[in-house]
Amino acid sequence: MATEPEAAEPVVPSLVDRYFTRWYKPDVKGKFCEDHCILQHSNRCVRGRLMEVNENILHKPSILQEKPSTEGYIAVVLPKFEESKSITEGLLTQKQYEEVMVKRINATTATS
């Protein structure tokens, strides 16, 4: 008796995936592997405000490294609309950042 494969549950994107664009800055201040991820909210209508400070990092600073794309953030800042474009200049898209990571891995593997 043939059985049909179970339908996979659809993957629901996270809040961050739905409303934020990830931008990356590798090798900050010339320090190798000192990378920063900046999440820019799609709603750029609010003028520059500090919206939230992640106080969880005071109690568990390791989440900055353990969960950098979710719980490991420092603060949520909504910049002035006029400044939002200049903020992302010089930053990499997720695809560009992934290409940097592949080059790093290949360079590390080649030297090992």
Side-chain angles (χ1 to χ4, degrees):
M1 173 161 55
T3 59
E4 291 185 29
E6 289 185 34
E9 290 187 34
V11 176
V12 178
S14 70
L15 178 82
V16 170
D17 291 333
R18 288 193 312 257
Y19 297 110
F20 291 85
T21 301
R22 287 181 169 90
W23 296 94
Y24 298 88
K25 181 70 175 175
D27 303 330
V28 175
K29 296 184 180 178
K31 295 181 182 177
F32 183 69
C33 291
E34 180 69 28
D35 302 343
H36 291 187
C37 174
I38 294 95
L39 299 175
Q40 183 181 31
H41 194 278
S42 59
N43 178 359
R44 299 180 190 113
C45 298
V46 179
R47 297 190 71 81
R49 290 187 180 176
L50 175 63
M51 302 302 294
E52 178 182 344
V53 174
N54 185 2
E55 294 181 2
N56 293 328
I57 62 173
L58 296 173
H59 308 292
K60 190 177 179 193
S62 61
I63 63 173
L64 289 169
Q65 293 179 329
E66 293 168 2
K67 299 181 179 183
S69 296
T70 54
E71 298 172 39
Y73 64 95
I74 297 171
V76 175
V77 178
L78 293 175
K80 292 181 181 180
F81 177 74
E82 302 85 30
E83 298 172 5
S84 64
K85 187 65 178 169
S86 65
I87 290 171
T88 58
E89 288 178 8
L91 300 179
L92 305 177
T93 64
Q94 185 162 355
K95 183 179 178 183
Q96 292 168 323
Y97 181 68
E98 288 170 357
E99 291 170 1
V100 168
M101 297 306 294
V102 167
K103 288 178 185 176
R104 278 187 188 163
I105 291 169
N106 290 340
T108 304
T109 306
T111 60
S112 298

>> For a side-chain contact (heavy atoms from CB on, under 4.5 Å) check, start with the C-alpha distance between K60 and E66, then their side-chain angles and the critical distance, and finish with the verdict.
In response: CA-CA 10 Å; K60 190 177 179 193; E66 293 168 2; 3.6 Å; yes

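V100 and L91 fall into different hydrophobic clusters, defined by Ile, Leu, Val, Met, Phe, Trp and Tyr side-chain heavy atoms under 4.5 Å apart, directly or through other members.
Screening V53, L58, N54 against N56 for a side-chain contact (heavy atoms from CB on, under 4.5 Å) leaves a single residue, N54. None of K25, K29, R104 except one satisfies the salt bridge (charged side-chain N to carboxylate O under 4.0 Å, His left out) rule with D35; the exception is R104.
A distance of 9.0 Å separates CG in L92 from OH in Y97, rounded to the nearest 0.5 Å.
C33 and D27 get closest at one heavy-atom pair: N-OD1, 2.8 Å.
Side-chain contact check for W23 versus T93: some heavy-atom pair is nearer than 4.5 Å.
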